[in-house]
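This structure is in structure tokens; I'll ask about it shortly.
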There are 2 protein chains.
Amino acid sequence: MTEDPRPAGSPTLEDVARAAGVSRATVSRVVNGVRNVDPVIQESVRQAVAATGYTPNRAARSLVTRRTDAIALVVSGAGDDPTPEDETGGAHPAGSTGGDGGGHHAGSTRGAHDPDEPDGGAGASFTAQVFADPFFGRVVTGVVNYLRPRGMYPVLMFAETSRARDEVVSYLRQGSADGALVVSTHADDPLPALITDAGLPAVLYARPSRPTRISYVDLAHQDGARLAAEHLLARGCRRIATITGPLDVPAGQDRLAGFRDTMARAGQPYLPLAEGRFTQESGEAAMARLLAEHPDLDGVFAANDVMAVGACHVLREHGRRVPEDVAVIGFDDSSAAVACRPPLTTVRQPVEEMAAEMARLLLDRLAGSDRAVTSVIFEPSLVVRGSA
Amino acid sequence: MTEDPRPAGSPTLEDVARAAGVSRATVSRVVNGVRNVDPVIQESVRQAVAATGYTPNRAARSLVTRRTDAIALVVSGAGDDPTPEDETGGAHPAGSTGGDGGGHHAGSTRGAHDPDEPDGGAGASFTAQVFADPFFGRVVTGVVNYLRPRGMYPVLMFAETSRARDEVVSYLRQGSADGALVVSTHADDPLPALITDAGLPAVLYARPSRPTRISYVDLAHQDGARLAAEHLLARGCRRIATITGPLDVPAGQDRLAGFRDTMARAGQPYLPLAEGRFTQESGEAAMARLLAEHPDLDGVFAANDVMAVGACHVLREHGRRVPEDVAVIGFDDSSAAVACRPPLTTVRQPVEEMAAEMARLLLDRLAGSDRAVTSVIFEPSLVVRGSA
DNA sequence: GCGCGATGGGAGAGCGCTCTCCCGCTCCCC
DNA sequence: GGGGAGCGGGAGAGCGCTCTCCCATCGCGC
């Protein structure tokens, strides 16, 4: 036969088959390592693959296998968005989605962006808030590091409004991903149910507020809070207060419960507290309130590091030394804990490992080996640094 | 017409066509809004779509259109190495843009997660380092916010080793994405060229060290440094030093050059400097060095916020008040700038907008309207807060 | 009345891959 | 020597979609 005119696009199975003098099916078998193929033929196929520079076409494969080998990593926000969209203004300008995020983390530490935020919204967007917290970066890290050796990469999605949620679901329904990892910042997030209703497996970070037939990973928040309480007590603190997380999410509730229980058990039934929203600013405000009511306090447990950092700032501004006058303990062991002075003593939440486990659960599910709904609860540990 | 037995999978074009009593082609036309279709038929097709709950199958569409409507967001790291020594010379000079590299936070308390990746150490820490810096979160924010209204979502990829780079390229060659947005933390990153060689369009964040036929967005670093210098001078500082970024990346070089030039022009030819690597720890070390040699300095320009924060810590530990004794200016206007006390006066890099522009350039390119290689340079601005 | 362009719809050929059949061959046991 | 069983390979039917043809219809100018 004569040389084929080089086909325009990238080489296909057919091209490789021709080059190797075998059938398409055989090449496919070699490429996918399925069934026995004569070693000699295998080798010649491999050479043909190398010679042609063949790469399987993902869409074609996906079409027949009904798998994409992609998974979605969805950060899901506030539950409902009754307000009709501000869509007109928000859609087109770069960097703005018109998503005004919903809420509880609003304000946050980024307030200072406003002065010169020409294309409004970008700095205040849900997306921006999400990444302002070191937490989500760690989730991404854990997920990516688990997926990568397996040749998979996450598609990053955000769903903070009901409209965005619909878009996410419809995207998933198109068969763009085999499953979803959902990190909710909201207690009653309807997204997980929507996803599973659409027939896709999902795994959650953190226990949903209502029991569902969806696997999740979580932390033993109460144990973590207990570690913090015990450390403060062992340190000799006797006038201890806490800055809680938002009390409408399980993590906020559990950390408070665990702390309060341990304190009570140690004979300290009265626990001054101020509610924060996991943002530095809210931590500052909470600390200021606590200090006003209890000027003599000597220990503070903040339900996350970012609030603890805010608390330290306020304590210092009020002339208290950390840890000499007031001991401060955070929660998470995020990058914020080591970025401040003194570095934070904190309860470590192994976010990366938890995220990796989330990915593992999903992949197991996809592999079909395990259809069971499971939960994996991680144990926190205390990391002692300078602040307590 | 009898009821069809419900087909197992999700409804296809064929199903809709049957329900609407038209051909597949017509349904496709309506769904994609192409060519004229009789309004009456259009309506009945729409109803059929709604009734069947039809969603186009992405793989099938992708197979014929040769487009995936997905783009990759690649964070690319150090140029070369099968060697796992990332601590010595290579040192991940991050952030042609002020991105954080280094990651010395890692050692202390971060338990190595990543249980099941043999070569994982380097990769794991790279990913973690990347997100330890507020910078990358902002890039993601900008990109996501631009893509989302357009129904697209980024696939997140990392390429810090040559092996990872190959995997990224091969993934892209499979037709998994239509193009790539590349954020390099390394000056001589071979990845962009590899991607374009594979026939995919790419857009870079930050000017590559060698000129290439690839579009990019960047910041006028020198102008930003000039703003910082002018502000310090106007404030009355006379013994000014700078903590530079890594001097092997353009951003580090340009910020230094701009600062130095302005100082020289103002009659201050001698500029004490210490090189950092865009990490807080390196900023602390640099500040300590500067302070040792020039105990009387009254102004510091750090080439990014994270280093500025470190500098503030060291200054305070040496009994200097910020800004009363020493004024400090950062660069980036990242979340770190507002998270510290006093909040940082800093040069704002509009990362979100720049990232959005990057996405815009890529999408324009994909739309075919614009095959030209372009660059878009953003102007920085000064954000005055407490530190200077 | 005829031609002819414009309009709107259908038929059907793939896109590149996987996977089920099926067929020919060899081996081995009776 | 006959006949499974087992193995290795090929043929070919789609997966669900888009898009090029092609055809039927209609309006309209000459």
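To find a chain, count down the sequence lines: A is the first, B the second, and so on, and within it residues start at 1.
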Legend entry - Spacing of B:L63 atom CG relative to C:dA13 atom C1', expressed in whole Å: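 The distance from CG of B:L63 to C1' of C:dA13 comes to 13 Å, rounded to the nearest Å.
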
Legend entry - Partner of B:M152 by side-chain contact (heavy atoms from CB on, under 4.5 Å), out of B:V144, B:V143, B:T68, B:L147: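 Option passing the side-chain contact (heavy atoms from CB on, under 4.5 Å) with B:M152: B:L147.
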
Inset, instruction - Examine the base of C:dG16 for any acceptor or donor lying under 3.5 Å from a partner atom in the side chain of B:R66, and report the outcome as yes or no. - result: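 There is none.
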
Legend entry - Salt-bridge contact A:R148-B:E160 (side-chain N to carboxylate O under 4.0 Å):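 Yes, A:R148 and B:E160 are salt-bridged.
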
Inset, instruction - Using heavy atoms to find the nearest nucleotide of DNA chain D for A:N36 and B:A25 separately, return the residue whose nucleotide is more 5′. - result: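 By nearest-heavy-atom nucleotide position, the 5'-most residue is A:N36.
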
Inset, instruction - With DNA chain D as reference, determine whether A:I41 or B:L13 sits nearer its 5' end, using the nearest nucleotide of each. - result: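 This one resolves to A:I41.
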
Inset, instruction - Could you tell me whether A:D166 and A:R163 have a side-chain N and a carboxylate O separated by less than 4.0 Å? - result: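 No, A:D166 and A:R163 are not salt-bridged.
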
Legend entry - Nearest-angstrom distance from the residue atom CG of A:N32 to P of C:dC19: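 Atom CG in A:N32 sits about 7 Å away from atom P in C:dC19.
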
Legend entry - The single option from B:V22, B:V37, B:V40, B:D38 passing side-chain contact (heavy atoms from CB on, under 4.5 Å) against B:V45: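 Going through the options one by one, the only one that passes is B:V22.
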
Legend entry - Interatomic distance where CG belongs to A:D38 and P belongs to D:dC7 [whole Å]: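 In whole Å, D:dC7 P lies 14 Å from A:D38 CG.
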
Inset, instruction - Round to the nearest Å and state the distance from A:R67 atom CZ to C:dC17 atom P. - result: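 About 18 Å, once rounded to whole Å.
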
Inset, instruction - Scan B:V34 against the nucleic acid and name what it touches under 4.0 Å (heavy atoms): base, sugar-phosphate only, or nothing. - result: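 Since no nucleic acid heavy atom lies under 4.0 Å of B:V34, the category is nothing.
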
Inset, instruction - To the nearest Å, give me how far apart CZ (A:R18) and C1' (C:dG16) are. - result: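 The distance from CZ of A:R18 to C1' of C:dG16 comes to 13 Å, rounded to the nearest Å.
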
Legend entry - Nucleotide of D:dC17, C:dG9, C:dG16 approaching A:N57 most closely (side-chain heavy atoms):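 Selected nucleotide (nearest to the side chain): C:dG16.
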
Legend entry - Residue-phosphate contact under 4.0 Å: B:S28 side-chain N/O, D:dC19 OP1/OP2: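 Answer no for this pair, as no side-chain N or O of B:S28 is under 4.0 Å from OP1 or OP2.
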
Legend entry - Closest nucleotide among D:dA13, C:dG12, C:dC19 to the A:R24 side chain: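 Taking heavy atoms from C-beta onward, the closest nucleotide is D:dA13.
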
Inset, instruction - Anything under 30° is parallel, anything over 60° is perpendicular, the rest tilted; go ahead and classify A:Y171 against B:Y153. - result: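 The arrangement is perpendicular - the two ring planes meet at more than 60°.
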
Inset, instruction - Tell me which nucleotide among D:dG16, D:dG10, C:dG9 gets nearest to the side chain of A:S23. - result: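 Per side-chain heavy atoms of A:S23, the pick is D:dG10.
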
Inset, instruction - Please state whether the base of D:dG16 and the side chain of B:R58 form at least one donor-acceptor pair under 3.5 Å? - result: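 A donor-acceptor contact between them is absent.
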
Inset, instruction - Kindly point out which of C:dG14, D:dG9, C:dC17 is positioned nearest to the side chain of B:V64? - result: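 For the B:V64 side chain, the nearest candidate turns out to be C:dG14.
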
Inset, instruction - Starting from P on C:dC15, measure out to CG on A:D15 and report it in whole angstrom. - result: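 That distance rounds to 11 Å.
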
Legend entry - Selected nucleotide, minimal atom distance to A:V22 side chain, candidates D:dG10, D:dT18, C:dG10: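 Selected nucleotide (nearest to the side chain): D:dG10.
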
Inset, instruction - Between C:dC19, C:dG10, D:dG16, spot the one nearest the side chain of B:R29, thanks. - result: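 From the listed options, C:dG10 comes nearest.
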
